[in-house]
Amino acid sequence: METRGHVFKYQDNVDTDVIIPARYLNTSDAAELARHCMEDIDASFVEKVKAGDLIVAGWNFGCGSSREHAPLVIKTCGTGCVIAKSFARIFYRNAINIGLPILECEAAADEIAAGDEVHVDFDTGVIEDVTTGKKYQAQPFPPFIQNIIAAGGLLASLRQE
Amino acid sequence: MGMTMTQKILAAHAGLDSVCAGQLISAKLDLVLGNDITTPVAVNEFNKAGFESVFDKDKIAIVLDHFVPNKDIKAAEQSKQCRDFACAHCVSHFYDVGRMGIEHALLPEQGVVTAGDCIIGADSHTCTYGALGAFSTGVGSTDMAAGMANGTAWFKVPAAIRFELTGELSPVCSGKDVILSIIGQIGVDGALYRSMEFTGPGVISLSMDDRLCICNMAIEAGAKNGIFPVDERTMAYMKDRCEREPVVYTADPDAEYEKVIEINLSEIVPTVSCPHLPENTRPAKELGDIRIDQVVIGSCTNGRMEDMEVAYKTLCGKKVASGVRCIIIPATMQILRECVERGYVTAFIDAGAVVSTPTCGPCLGGYMGILAAGERCVATTNRNFVGRMGHVKSEVYLASPATAAASALTGYITEPKEDKDGNQRTCL
């Protein structure tokens, strides 16, 4: 698995309320929700994002509410991967459970700039900033979590058992 | 190596003699919780995966609380989906309008959760039940669906930070000031992935409502859970309330903690979290003339009976400042009923406040108190993120019920003061 695209860059503590504001949570329709992805932090995100693009952010990405709608709208918009210095724990869990690729890498989060073209190989955890030519190594998931991802998410892995 | 209280509960539910921090386990669940926003997503996933039955109808709780009474047609559809699922699977703990309350006030009050439980909830504030000595943590809808299907969840066993509480709170402070102070000290990711274990001689002085409030906001420090030891006060609270026998776990004397942070409760002052992160805390008295448009007293953090009492003591016989909308939301029907019986509702109305049926409503910017651009609110809720209560250019200041009620009377952020009898009173 891999992704290649351009980077949208955000700061520390991007919370789930700005990823998908609660005023839209009166539906669970992913396509409808995705029209408001990142709306309260970056109103132009939805217009600009293309399939395979990446979000790169600082510490504690996805903090706040447990709403799974947050990783879901990021995935539904076509975002190929989120790279952050760290993730809030419920967001981290939800991303794995629904199959949104996420990687923790402090150096990449510091150095990759907005608009850079980036390639990520999920099997090796290598992040390449194509624009600058620099490469970064992210921590791979433990085998237990790799199995969930390989099965296509938590429920699919349960059905296999 | 000894285990923390959290680790002991997890080991017992994983069928293991011991566990250590970082270990991946599968644990049996005593309760799986969802609300009217997260349950529809879980139901869709449950059905899509082809599950036909729930693991145990008595170990699932579905509480309609975020957007009920239904705020619009779409919310009504989501409530209906929850209702239909609960009915089809005979879910015992299904709480609809008339019986509902804000989930994290309701489930302890109704005795659905008890000491020693292992609980997941598709709501981040599920960590509240640690106040009863349970392991309880927020998850997403897919985890809820999996939990409803097979009664288990995977966990990475958390390391812990121990908070050694000493002293006693001043009469103008409450659990909210304690947890806001702690978050201000350690930051919004200061306890990321970890347990916050509250111990020490100061614990006994904290009421159950204080403890529920403190554990409720553990997530605002990034924690997996917050937990209090079970003492006589906990046992008294659970007696005649809980359906199931409590199981008391205690941390081993040689349990490992990443760090120990001492909190002297007598040094805690009325504290406010300024926009737009809960860690931006300041003593209320240092904030100066910050004019406000709205006050909200309620939520899963501070909509309990003691919170209503404080609001009553402050507002009774007084008037909410001109230009301030004061919205009071008792968190459950039982609390609302008690507010009626004690005459609180009359006093609130006479003071110029409004009283709502239980709902999460304004806390997450759903309805019942949305802010316009440039407006400011002092709220007893739990988050002050950008746009949390309405327009992205509005502001939320998090505070205790005492500070919120005192501010409602003055129209600016105001430190609560005690009167000559030692009661909680505003400075007016």
Side-chain angles (χ1 to χ4, degrees), chain A residues 12-19 21-30 32-33 39-41 43 58-72 85-99 142-145 147-148 152-161, chain B residues 24 37-38 40-46 48-51 66-67 71-78 81 121-126 137-146 149-150 154 156 187-189 192-193 219-220 222-224 276-277 279 364-367 370 383 385-388 390 392:
Chain A
D12 296 340
N13 301 313
V14 172
D15 62 78
T16 55
D17 277 282
V18 294
I19 297 171
R23 58 184 177 275
Y24 301 119
L25 298 185
N26 53 1
T27 178
S28 55
D29 182 81
E32 191 179 338
L33 287 162
E39 185 172 296
D40 281 1
I41 193 175
W59 300 106
N60 203 28
F61 186 90
C63 62
S65 155
S66 70
R67 65 191 68 156
E68 201 164 285
H69 315 66
L72 193 64
K85 292 184 188 175
S86 66
F87 291 91
R89 60 160 287 275
I90 306 179
F91 184 93
Y92 182 90
R93 210 180 159 94
N94 287 346
I96 291 162
N97 285 346
I98 67 152
F144 175 86
I145 291 173
N147 289 341
I148 293 177
L154 179 66
L155 291 177
S157 75
L158 283 183
R159 295 301 285 179
Q160 283 177 9
E161 282 174 9
Chain B
L24 285 158
I37 285 181
T38 56
V41 178
V43 167
N44 292 343
E45 293 301 313
F46 185 93
K48 205 162 70 188
F51 295 114
H66 277 58
F67 292 163
K71 82 181 182 96
D72 55 26
I73 294 168
K74 285 180 180 171
E77 296 292 345
Q78 295 208 125
Q81 193 182 357
D123 188 283
S124 60
H125 294 107
T126 302
T137 193
V139 296
S141 295
T142 296
D143 276 311
M144 181 194 178
N150 72 0
W154 66 269
K156 191 168 159 184
V188 290
D189 60 355
L192 192 62
Y193 301 115
I219 180 67
E220 261 57 68
K224 184 167 215 153
H276 288 283
L277 273 181
E279 71 185 24
L364 75 163
Y367 71 134
I370 303 303
R383 291 188 178 129
F385 299 148
V386 170
R388 174 74 178 178
V392 290

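Numbers restart at 1 for each chain; the letters A, B, ... are given by sequence-line order, proteins then strands.
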> Can you tell which of D17(A), D40(A), D15(A) makes a side-chain hydrogen bond (donor to acceptor under 3.5 Å, both in side chains) with R388(B)?
Replying inline: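 Passing option: D17(A).
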> In terms of heavy-atom pairs under 4.5 Å with chain B, which of A30(A), S65(A), P142(A) leads?
Replying inline: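 Going by pairs under 4.5 Å, I would pick S65(A).
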Under 4.5 Å heavy-atom distance to chain A, tell me which part of [X] shows up: side chain, backbone, both or neither.
X: L277(B); answer: side chain
X: K156(B); answer: neither
X: F67(B); answer: side chain

Check whether [X] gets within reach of chain B through its side chain, its backbone, both or neither, counting any heavy atom under 4.5 Å.
X: I148(A); value: side chain
X: Y24(A); value: neither
X: I41(A); value: neither
X: I98(A); value: side chain
X: T16(A); value: neither

> G64(A) and S124(B): which non-hydrogen atoms are nearest, and at how many Å?
Replying inline: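 Smallest interatomic distance, heavy atoms only, reads O-CB, 3.6 Å.
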> Between CG of L154(A) and CG of D143(B), what distance do you get to the nearest 0.5 Å?
Replying inline: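 Answer for the CG-CG pair, L154(A) versus D143(B), is 5.5 Å.
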> What residue, out of G387(B), G390(B), A146(B), has the most heavy-atom pairs lying under 4.5 Å from chain A?
Replying inline: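 Looking at each of G387(B), G390(B), A146(B) in turn, A146(B) comes out on top.
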